[in-house]
S.K.: 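My questions will all concern the structure given below.
Just follow the structure's listing: the first ligand is 1, and inside any ligand the first atom is 1.
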Amino acid sequence: MTTSSPLSSGPTSGNAAADATSGDHPRARITVPALATMRAERRRISMVTAYDVTFARLVDRGGVDIILVGDSVGMVVQGEANTIPVDLDEMEYHVRLVARAGTHAMVVGDLPFGSYQVSPQQAVESSVRLMKAGAQAVKLEGGVAMAETIAAITRVDIPVMGHIGLTPQSYHRMGGHRVQGRKNGFEAGSRERLLEDAHAVEQAGAFSVVLEGIPLDLAADITQKLSIPTIGIGAGNHCDGQVLVLHDLLGLSDHTFKFAKAYADLRGVVVAATQQYVADVRDGAWPDDAHSFH
Ligand code: KIV
């Protein structure tokens, strides 16, 4: 947990990246106002998903600004084909694990499918549960159709991160995980509609918005027109920040995606370490005397 004073100027003071990686200097906890400052100062925001305390601590040490406890947990941890089966109890559990890490990074809890679409009241109640589990903000998918819901959540002072474009919870409407915003028009997922969605999310009071799976020129246009930070995934390099799913970033996923980059090959590391352990057990090299009690 940060030791900085409540009056400190947040991550704008000092060299946040150096502080984050050295691990020796206190780093201010990232807050909603700090993110607005980062955008104003044109400093890009980094977000990554995490679902447990171990990885939350590690990515925090790596200097990430926001940890998203994403409903992508359904795919990368639970082995589901999409995020639709994930429920609120599961998200609450994973938010609690990540919050226990006491990170400098802001913790955002994802509202899963079915936990906010029924009514604004349901959305507020679900958001309260994630906040009580330790989130500093919640994220939900949808634009114009979710404006009233976003307004209801922000009215009770729960910060909301929007999410438009390729919204994974719209899997069945989209016919899979498909890039959006390539067609002109006002139908769901079309270019002009996504501009409307972005404005609606901002007007409703969201403090930032994820732009997922849209052409980079559209993401640039939205970023230029909005005053809240945009955080892209599969949306090019003109957003105010970027997000990756942890398993993609670390090379733990089974698949590779055009929009994701593996910054490490942890699959290879895990398989090699396990093979060595299995070999040592089989030939009696493990445990050796140094790891045995006398
Ligand atoms: O659940 C998730 O991981 C997400 C990101 C891809 C933005 O929503």
S.K.: Any chance the side chains of Gln169 and Tyr116 put a donor and an acceptor closer than 3.5 Å?
M.R.: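 There is such a pair between these side chains.
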S.K.: Quick one: do the Arg29 and Gln136 side chains pair a donor with an acceptor below 3.5 Å?
M.R.: yes
S.K.: Check whether Met38 and Val32 end up in the same hydrophobic cluster, where Ile, Leu, Val, Met, Phe, Trp and Tyr are linked by side-chain heavy atoms less than 4.5 Å apart.
M.R.: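 Yes, Met38 connects to Val32 through the hydrophobic network.
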S.K.: Taking atom CZ of Arg173 as the centre, does the number of heavy atoms from other residues, nucleotides or ligands within less than 6.0 Å exceed 12?
M.R.: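 Count over threshold, so yes.
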S.K.: For His291 and Trp286, take the angle between the two ring planes, folded into 0 to 90°, and tell me which bin it lands in: parallel under 30, tilted 30 to 60, perpendicular over 60.
M.R.: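 Taking Trp286 first and then His291, their aromatic rings sit tilted (interplane angle of 30° to 60°).
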S.K.: Side chains of His255 and Asp248: is there a donor and an acceptor less than 3.5 Å apart?
M.R.: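 No, because no side-chain N or O of His255 sits under 3.5 Å from a partner of the opposite role on Asp248.
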S.K.: Pairs under 3.5 Å, N/O atoms on ligand 1 and on the protein: can you put them in a table with the distances?
M.R.:
| from | atom 1 | to | atom 2 | distance (Å) |
| --- | --- | --- | --- | --- |
| ligand 1 | 1 (O) | Asp71 | N | 3.1 |
| ligand 1 | 1 (O) | Asp71 | OD1 | 3.0 |
| ligand 1 | 1 (O) | Ser72 | N | 3.0 |
| ligand 1 | 1 (O) | Ser72 | OG | 3.3 |
| ligand 1 | 1 (O) | Asp110 | OD2 | 3.2 |
| ligand 1 | 3 (O) | Ser72 | OG | 2.5 |
| ligand 1 | 8 (O) | Lys139 | NZ | 3.0 |

